[in-house]
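Take a look at the structure below.
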Amino acid sequence: MDQIASTSFRATEDTDGRLRRLKDTLGFANHNIPARLAIARSLSVPEAPAAPSGDAGMIIRGQNLFGTGTDAATWVSLIIEHAGRAPKDVAEFQAWVRAHWARGAVMLSSLLDEADGNSDEVWRLIAETTVPTGGKRSAGIGEGNALNDTVGIVPLVLPIGEVSQDALTRSEVSWPLNAPGGSPHAAFMGGVGSGKTRTATFMLRAIRQHYPPVPLIAFDFKGDMTDDKNALDRAFGATVLAPPHQPIPLDVLAIADRSPTGVTLAAQRLRDSLATLKGAGFGAVQKGLLGDAAEQALRAHMPCRLADVRDALKQVYAARGRSEDGAITTLDDLCRFDLFRPDLVPAEFFGRSWVIRLTAELPDLVKVSVVTLLTDALDRHLNSQPDAPTDAAGNRALRVLFVIDEARRILGNSLPGLSGLIRLSRSKGGCVILISQGPDDFSGEEDEFLNEMGLVVAFRTNADAKAVRRIVGPGATLVTLEKGQAWVKVGAEPVPRRVIAWR
């Protein structure tokens with residue numbers, strides 16, 4: 001402890017700049033206070049921090065950074081406990097401190113941005129990160145924790161829109177989203193102006209009202225989700241991002257299992273995801289080379305960026321005497337845009353609400369790639385969690401709402417992450433909501449997504465008769481539905497009902 005007290009600790013110039021801004025906003029007198037706060041913030045994340053790059057920052061002596069006596073012993077114990085072993089020497093301990101210092105500064109800087117420089121809001125956001133994950137927060141994704149507390153789980157029985165009446169009997173219709181034995185996923189479909197988005201966002205706001213801990217991850221292709229009528233950003237307190245103008249602050253290629261097998265599996269998953277993109281130049285040989293390159297990049301870089309995979313692929317091509325082809329062109333095209341920045345680990349990112357706007361001017365390859373990579377990251381993170389807890393009646397806690405508006409832009413790409421979320425995440429507390437124009441949009445998927453849905457709501461639209469029969473049943477048509485009405489299938493009910501969702 002005496003040696004640590006006299007040792008010089010420093011992070012990077014970038015870290016100093018981030019914490020100087022925090023210091024000025026919150027009115028700290030000394031630089032050691034924001035540095036302690038950053039280290040503490042990083043220690044709350046179970047994954048090991050990456051070694052930061054950049055020029056060295058200002059020096060703070062150990063006795064000033066950690067204090068003395070019991071205070072210093074507590075800090076050192078926490079850092080060693082996080083690493084899982086004692087350091088080989090003081091130099092390794094300095095490296096651990098430097099990495100936590102830098103990662104925590106990025107996290108705090110993100111909170112400062114979210115608060116738009118308002119000091120009271122910064123303190124509120126910092127306080128939120130320290131709330132224990134038991135109690136009413138047990139439904140949200142915490143810092144990679146196992147959610148075992150059932151306090152705060154509520155049965156979510158949702159109306160189908162503002163009216164929610166059977167068109168024939170005028171009886172109330174509802175959907176028990178998290179009840180035992182059912183699926184929490186839903187599909188809404190219908191033509192332009194039919195009310196599909198209106199109904200879906202009404203039900204999402206109802207979830208938020210009755211179940212405030214659950215975060216929202218939503219993809220918005222038209223801006224409908226955040227307009228004055230739907231206002232999901234305000235309902236969920238979500239941050240709205242429009243990449244590449246506002247990169248998504250997620251370490252999107254992060255992997256929890258860095259064993260040789262874990263890295264290989266993650267590389268193969270990334271290979272499969274990128275190779276399924278429409279317009280990507282990956283044949284069988286290119287897929288194999290991409291898998292090798294992804295594995296090399298994931299082993300060598302933490303955090304690993306898509307540009308690191310691209311560079312590794314070029315090295316693999318050069319080493320094997322191959323000329324660059326469409327596979328490298330695809331990655332070059334993606335890397336032209338700053339789509340993701342590894343500011344937040346998955347546990348941190350998916351514990352908050354975000355609306356991702358993918359605007360019309362973006363190339364389709366970029367839009368689908370953003371959805372693909374983020375969906376993969378959520379699938380890896382969520383499906384690595386223990387099963388979400390249930391209450392005495394079997395109602396399951398929710399951990400995340402994942403929404404894709406205009407899902408026709410994505411369906412048919414056979415995204416592994418989306419398939420994994422729909423097939424596997426129900427026991428983990430995942431809820432997937434797809435909003436699209438009609439049943440035809442689902443026909444290109446190898447998985448029968450509609451069979452996995454606990455709720456299917458089909459408004460008026462032109463659709464293939466065969467697809468309609470598969471969803472609604474014989475004798476029904478979507479073309480003649482009245483305004484505000486939809487055919488609704490709830491859970492395992494054998495016969496769908498015509499429902500008045502809105503007037």
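For the numbers below, each heavy atom of this structure counts, side chains included, while hydrogens, waters and symmetry mates do not. Predicted model only: the values in this text are computed from it and were never measured.
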- Task: Verify side chain to side chain contact (heavy atoms under 4.5 Å, CB included) between Arg41 and Glu348, making sure each step is shown before the conclusion.
- Result: CA-CA 11 Å; Arg41 186 69 194 93; Glu348 177 79 9; 2.4 Å; yes
- Task: Evaluate the salt bridge (charged side-chain N to carboxylate O under 4.0 Å, His left out) criterion for residues Arg399 and Asp387: first the C-alpha distance (whole Å), next the side-chain angles of each, then the deciding distance (0.1 Å), finally the verdict.
- Result: CA-CA 10 Å; Arg399 283 177 171 152; Asp387 283 354; over 6 Å; no
- Message: Let's go through Phe221 and Val371 carefully: what are the C-alpha distance in whole Å and the side-chain angles of both, what is the deciding distance for side chain to side chain contact (heavy atoms under 4.5 Å, CB included) to 0.1 Å, and is it a yes or a no?
- Response: CA-CA 11 Å; Phe221 288 90; Val371 178; 4.2 Å; yes
- Query: What's the verdict on side-chain hydrogen bond (donor to acceptor under 3.5 Å, both in side chains) for Asp14 and Thr12, showing C-alpha distance, side-chain angles and the deciding distance?
  - Reply: CA-CA 5 Å; Asp14 176 74; Thr12 66; 4.8 Å; no
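A donor-acceptor pair is defined here as one N or O able to donate and one able to accept, closer than 3.5 Å; such a pair exists between the side chain of His185 and the backbone of Val432. Side-chain N or O atoms of Asn230 include none that pairs as donor or acceptor with a backbone N or O of Leu232 at under 3.5 Å. Side-chain atoms of His381 never come within 3.5 Å of backbone atoms of Ala377 as a donor-acceptor pair (strictly under, hydrogens ignored). Between the side chain of Arg20 and the backbone N or O of Thr15 there is no donor-acceptor pair closer than 3.5 Å. When atom types are taken as modelled, the side chain of Asp391 and the backbone of Val154 share no donor-acceptor pair closer than 3.5 angstrom. Arg103 places a side-chain N or O within donor-acceptor distance of the main-chain N or O of Ser42, the cut-off being under 3.5 Å. A donor-acceptor pair under 3.5 Å is absent between the side-chain atoms of Glu81 and the main chain of Ser77, judged by distance alone.
Under the salt bridge (Lys or Arg N to Asp or Glu O under 4.0 Å) criterion, Arg98 pairs with no residue at all, not counting sequence neighbours. Partners of His100 under the ring-ring contact (aromatic ring centres under 6.0 Å, His included) rule, at least two apart in sequence or in another chain, are His82. Annotation: side-chain contact (heavy atoms from CB on, under 4.5 Å) contacts of Asp311 (sequence neighbours excluded): none. Taking Glu295 as the reference, Arg299 meet the salt bridge (Lys or Arg N to Asp or Glu O under 4.0 Å) condition, with sequence neighbours excluded. Checked against side-chain contact (heavy atoms from CB on, under 4.5 Å), Arg357 has the following partners two or more places apart in sequence or in another chain: Asp220, Thr226, Val240, Ala242. Checked against side-chain contact (heavy atoms from CB on, under 4.5 Å), Val106 has the following partners two or more places apart in sequence or in another chain: Arg18, Asp343. Applying the side-chain contact (heavy atoms from CB on, under 4.5 Å) test to Asp364 and every residue at least two apart in sequence or in another chain returns Lys367. Annotation: salt bridge (Lys or Arg N to Asp or Glu O under 4.0 Å) contacts of Arg61 (sequence neighbours excluded): none. Residues meeting the ring-ring contact (aromatic ring centres under 6.0 Å, His included) test with Phe236, sequence neighbours left out: none. Scored by the side-chain hydrogen bond (donor to acceptor under 3.5 Å, both in side chains) test, Asp16 finds no partners at all (sequence neighbours excluded). Annotation: salt bridge (Lys or Arg N to Asp or Glu O under 4.0 Å) contacts of Arg322 (sequence neighbours excluded): Asp325.
When side chains are defined from C-beta on, Phe340 does not count as touching Leu306, because their heavy atoms never get closer than 4.5 Å.
In summary, Arg341 and Asp251 do not engage in a salt bridge, as defined by a charged side-chain N under 4.0 Å from a carboxylate O. Under a 4.0 Å N-O distance rule, the pair Asp333/Arg310 does not qualify as a salt bridge. At a threshold of 4.0 Å, the pair Asp308-Arg305 does not count as salt-bridged, since none of the basic side-chain nitrogens sits closer than that to a carboxylate oxygen.
Contacts classified as ring-ring contact (aromatic ring centres under 6.0 Å, His included) and involving residues 354-376 (residues at least two apart or in different chains) are given here: Phe349-Trp354.
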